[in-house]
Colleague: 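Structure incoming, see below.
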Amino acid sequence: MDVFIDVILPVPIPQFFTYRLPRHLAELAKVGCRVVVEFGKSRVMTALVVKIHGNPPEKYPAKYIQELLDTEPVVTPTQIWLFQWVAEYYMCTAGEVMNVALPSGLKISSQSKIQYNPDFHHDELLTDLEKSFMDVLIREDSISYEEAGRLLGEQDLNKFLKSLVAKHAIILFEEVNERYKPKLIKKIRLHSDYATDENALMLLESLGKAKKQQEVLLKYLSIIPLDQLSEKNEEGIDKQRLKEAEVSDSALAALITKGIFEQWEVQVSRFDSLESDSLREIQLSPAQEAASDQIMGLFSTKDVVLFHGITGSGKTEVYIDIIKKALDSGTQVLFLLPEIALTTQIVRRLKRVFGDTMGIYHSRFSDNERVEVWRGVLDQKFQFVVGVRSSIFLPFSNLGLIIVDEEHESSYKQFDPAPRYHARDVAIMLALKMKARVLLGSATPSMESFYQAQTGKYGLVSLKERFGNAQLPHIRLVNMRVEREKKTLTKEFSSVLLEAIGQNIENKKQSIIFQNRRGYAPYLNCQQCNWIPHCNQCSVTLTHHLNARTLICHYCGYSESVPRVCPACGSPHVRSVGVGTERIEDDLREIFPEAGVLRMDLDTTRTKNAYENIIGEFETGEVDILVGTQMVTKGLDFDRVNLVGVFNADKLINFPDFRSGERAFQLITQVSGRAGRREEKGIVLIQTNNPANRVLQYIVDSDYEGFYASEIKEREAYNYPPFSRIIELTVKDVDRNLAQEAAEVLAKRMKDYLGEQRILGPERGLVERIRNKFHFVIWMKLEKEKMNIQATKQYLREELVHLITEKKFKSVQVVVNVDAV
DNA sequence: AGCACGCCGACT
DNA sequence: GTCGGCGTGCTC
């Protein structure tokens, strides 16, 4: 009987593909194993086995797979289910989900690059052919899969590479700039011939003449005593330990050459470098204790609990307590964090408590490190993983608890390539499937989650006092109109803010200034002819970056140098208009020449450790002021900060989007929470033109519930989430009219199906043109109670196919974003 | 999404 | 005459 497999391929085609297994692999393949297959005429890629069966496809002959990569599954059945659920819900393909789920180290593809492993020194393991292949690799540094294929001619390339990978001679990687240097340590142990007490003693005697060698052996036996040799010799000791004991290098080398000692290398996970020595006990305050007990109590009746703890209330300690309980009961735990917060203090704190049993899954780590965590989770070496969005796709088999910290964070929603999934919502779905519990935590919960808690679907636990003696900061609005009239502004600073900063510098306290706009100024303007430089591919002005001396498009990345005179009229009077973080930094340096000023935004945190460095410097260095974008609002915890300044609050609030109020409330509350986290009460100064604004008033009062109550009414009145689901359709084309027409046709068809009131738009995109494509946006509002979401999505799918098969619209692209945030 | 196949313009 | 432009149709 022939054996066939259905596989998921990493392509945006909504179906499985059926391949044939060669006889000798028929017994070996399992669901969840990876296979290498040829797809189309010239593509080779890794596919995932999701079904094994005996039915040959009727309409085409199945190709043979090229190779089976695993004998044991690397993906669990639950994950395969999850990939399909995400694909269905977010309207993309299982292949796209698999693509973000698997670290690229688990995907050999024709796009892969091959690099030699610089730490490989075992030429004797290689065949002649492999040796000559390695010579080419060393010479070329890295080669592509195709080039390797050409080099090998008739040889079976995949088998060949697999063997080299198994010998650790080569490394496969996706991007040329991400080189993997495995961290290796050298280990030493006695050859097994001597690994009993009497043999070791005989050996010691026989080394009588070689005093130095004897010394080495004695040192070794002082670390692993004679009576424990039989059990402990096997795992050996770090070579470093002998070196530290200052034994003779040459004597040690001689013993190794003689074969008395064996030396080998082990790869160590680089997470170990985070200190984990003192597994610390934590002490909960009575309020924290109570919160923890409430959460555990609610878990007996609710699958999801929302933990609303104000900024500085010490949510982390409560999390730790809950995590311990979950781990004690023998289940795996996943702790999700927004990308930006992961590198901060919280991870260090968790690591200190949980040590090596904790895995970290982060996009700043190399792919190989992500593979380490993947495998660690698979064979249950890691019971506890702290990770970003995509760690929801790790191969857990026994998950008992998922914590989503800062659950309101919009970065949990993936934006650009499909799948446009929301990690919090996927977490809830996955937990349901695995009978795990979910703990959502935030100082400013999303409207969606708080609504679920209010209506009793989620449990709710609140922690409303700050940890220790800390008080909530005093929040004050600074009326910029008044300051402008009284002419008390200095550049973009109100007198109130400047005075507070000055005072803080004197008192050796620190200040954080939040401005949600990077660069020096949003645009340039010629004072003579009013010329403003725009991006020629996008309908936005170019942002002025002073240090880099460039004008940059924040949408497509285009950049040009700053003109010295106006290119339109030749006037030298070109000035920067508006305020970005760079300008604030510059102006502060000018106003307070003696102060230390640091800036933290996308531009200053590009390089690998820049983020940690800035935080480290702010913590310990002579820094008075930290200026930054969103980045400064998340998870920072510094003792000496007691002033937070907020620029341009109005811009946040007036953003044309139904979520702008919620977002502004969250952002400003979060950044305010950075102030006064210890004994001294902090101050927050918010610069605004409109102090009477509803959202600002709730912020001043630190009144989350009040804000929620007022906001939820509006959401209900206009039928926005949480009362409805929103599916956003973005219609794009290089031809503006075509994009608009297609959008109108699509909107019309959806209106006919769903009714006028459920469709908004099409409207011009907020930025109408990006990378030369014109954007029109349609929103579908689907009431949660009444609508059959499944059927609507099915109809939409059909209409999308319908639309792009009309040859007029064939160049048009439609991006579907379910639950757009 | 890629990638090959296919049919029309400006070049050694 | 050919190289290569990107339209379109398919991938087990």
Side-chain angles (χ1 to χ4, degrees), chain A residues 1-23 25-26 29 31-69 80 83-84 86-87 90-102 104 107-113 144-147 149-150 157-158 174-175 414-421 730-735 738-739 742 771-773 797 800-817:
Chain A
M1 241 273 280
D2 289 329
V3 180
F4 298 89
I5 55 172
D6 290 351
V7 299
I8 298 177
L9 279 164
V11 290
I13 304 169
Q15 72 205 46
F16 296 140
F17 293 86
T18 305
Y19 284 83
R20 183 193 285 266
L21 281 180
R23 262 295 121 90
L25 295 177
V31 167
C33 290
R34 296 167 305 146
V35 290
V36 174
V37 297
E38 185 186 69
F39 185 60
K41 288 208 157 176
S42 59
R43 296 162 78 191
V44 175
M45 45 179 82
T46 308
L48 181 67
V49 179
V50 294
K51 196 176 169 196
I52 302 175
H53 57 85
N55 319 111
E58 284 166 26
K59 304 210 166 91
Y60 53 87
K63 283 186 186 175
Y64 279 102
I65 68 156
Q66 295 200 343
E67 190 171 355
L68 178 66
L69 290 175
I80 293 173
F83 293 175
Q84 291 176 77
V86 170
Y90 291 101
M91 299 188 70
C92 63
T93 69
E96 289 169 313
V97 182
M98 180 182 81
N99 229 0
V100 296
L102 295 187
S104 38
K107 298 177 281 188
I108 300 175
S109 76
S110 39
Q111 279 88 50
S112 293
K113 290 265 183 189
S144 72
Y145 192 87
E146 289 87 347
E147 287 166 320
R150 240 170 285 137
L157 179 61
N158 293 306
E174 287 293 302
E175 277 169 33
Q414 172 151 317
F415 228 66
D416 200 16
R420 297 179 172 78
Y421 68 103
T730 306
V731 182
K732 303 185 203 178
D733 198 90
V734 285
D735 179 340
L738 197 64
R771 289 175 199 276
N772 255 335
K773 286 201 170 157
R797 265 186 211 104
L800 290 174
V801 173
H802 180 182
L803 188 78
I804 52 163
T805 45
E806 288 168 63
K807 44 183 184 302
K808 190 178 176 185
F809 296 131
K810 64 184 181 301
S811 63
V812 174
Q813 249 180 305
V814 184
V815 172
V816 181
N817 190 355

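Quick note on labels: first sequence line is chain A, next is B, and so on, each numbered from 1. For clarity, every value in this text was computed on a predicted model and none was experimentally measured.
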Colleague: Check whether any side-chain heavy atom of A/Phe83 lies under 4.5 Å from a side-chain heavy atom of A/Leu48, and answer yes or no.
Modeller: yes
Colleague: Quick one: do A/Gln66 and A/Glu38 satisfy side-chain contact (heavy atoms from CB on, under 4.5 Å)? Show the steps, please.
Modeller: CA-CA 7 Å; A/Gln66 295 200 343; A/Glu38 185 186 69; 3.8 Å; yes
Colleague: Rounded to the nearest 0.5 Å, how far does CZ of A/Phe4 lie from CG of A/Leu21?
Modeller: 9.0 Å
Colleague: Could you pull out all residues at least two apart from A/Lys808 that satisfy side chain to side chain donor-acceptor pair (under 3.5 Å)?
Modeller: A/Glu741
Colleague: Taking DNA chain B as the partner, which of residues 9-16 of chain A come within under 4.0 angstrom of it by heavy atom?
Modeller: A/Pro12, A/Ile13
Colleague: Among C/dT11, B/dC5, C/dC12, which nucleotide sits nearest the side chain of A/Lys41?
Modeller: B/dC5
Colleague: With the criterion being N/O to N/O and under 3.5 Å, what pairs connect the protein with nucleotides 3-10 of chain C, and how long is each?
Modeller:
unit_1: C/dT8; atom_1: OP2; unit_2: A/Lys810; atom_2: NZ; d: 3.4

Colleague: Taking only residues two or more places apart in sequence, or in another chain, which ones meet A/Ala47 in a side-chain contact (heavy atoms from CB on, under 4.5 Å)?
Modeller: A/Val7, A/Leu9, A/Val35, A/Val37
Colleague: List the residues meeting salt bridge (Lys or Arg N to Asp or Glu O under 4.0 Å) with A/Arg797, not counting sequence neighbours, and say none if there are none.
Modeller: A/Glu88
Colleague: Report which part of the nucleic acid A/Tyr19 touches: base, sugar-phosphate, or nothing (heavy-atom distance under 4.0 Å, all strands).
Modeller: sugar-phosphate
Colleague: Starting at atom OH of A/Tyr60, determine the distance to atom P of C/dC12, rounded to an integer number of angstrom.
Modeller: 9 Å
Colleague: How many Å lie between CZ on A/Arg20 and P on C/dC12, as a whole number?
Modeller: 14 Å
Colleague: Quick one: A/Arg43 CZ to B/dG2 C1', roughly how many Å, whole number?
Modeller: 4 Å
Colleague: How long is the line joining CD of A/Glu38 and C1' of B/dG2, in whole Å?
Modeller: 14 Å
Colleague: Can you list the residues that meet the side-chain contact (heavy atoms from CB on, under 4.5 Å) rule with A/Leu800, with sequence neighbours excluded?
Modeller: A/Leu746, A/Leu796, A/Val814, A/Val816
Colleague: Quickly work out the A/Asn99 CG to B/dA1 P distance and round it to whole Å.
Modeller: 12 Å
Colleague: Output the distance between atom CD (A/Gln84) and atom CZ (A/Phe16), rounded to the nearest 0.5 Å.
Modeller: 3.5 Å
Colleague: Quick one: A/Met98 CE to B/dA1 P, roughly how many Å, whole number?
Modeller: 16 Å
Colleague: Atom NZ of A/Lys59 and atom C1' of C/dT11: how far apart are they, to the nearest Å?
Modeller: 15 Å
Colleague: Enter the distance from A/Met91:CE to A/Glu96:CD here, rounded to the nearest 0.5 Å.
Modeller: 12.0 Å
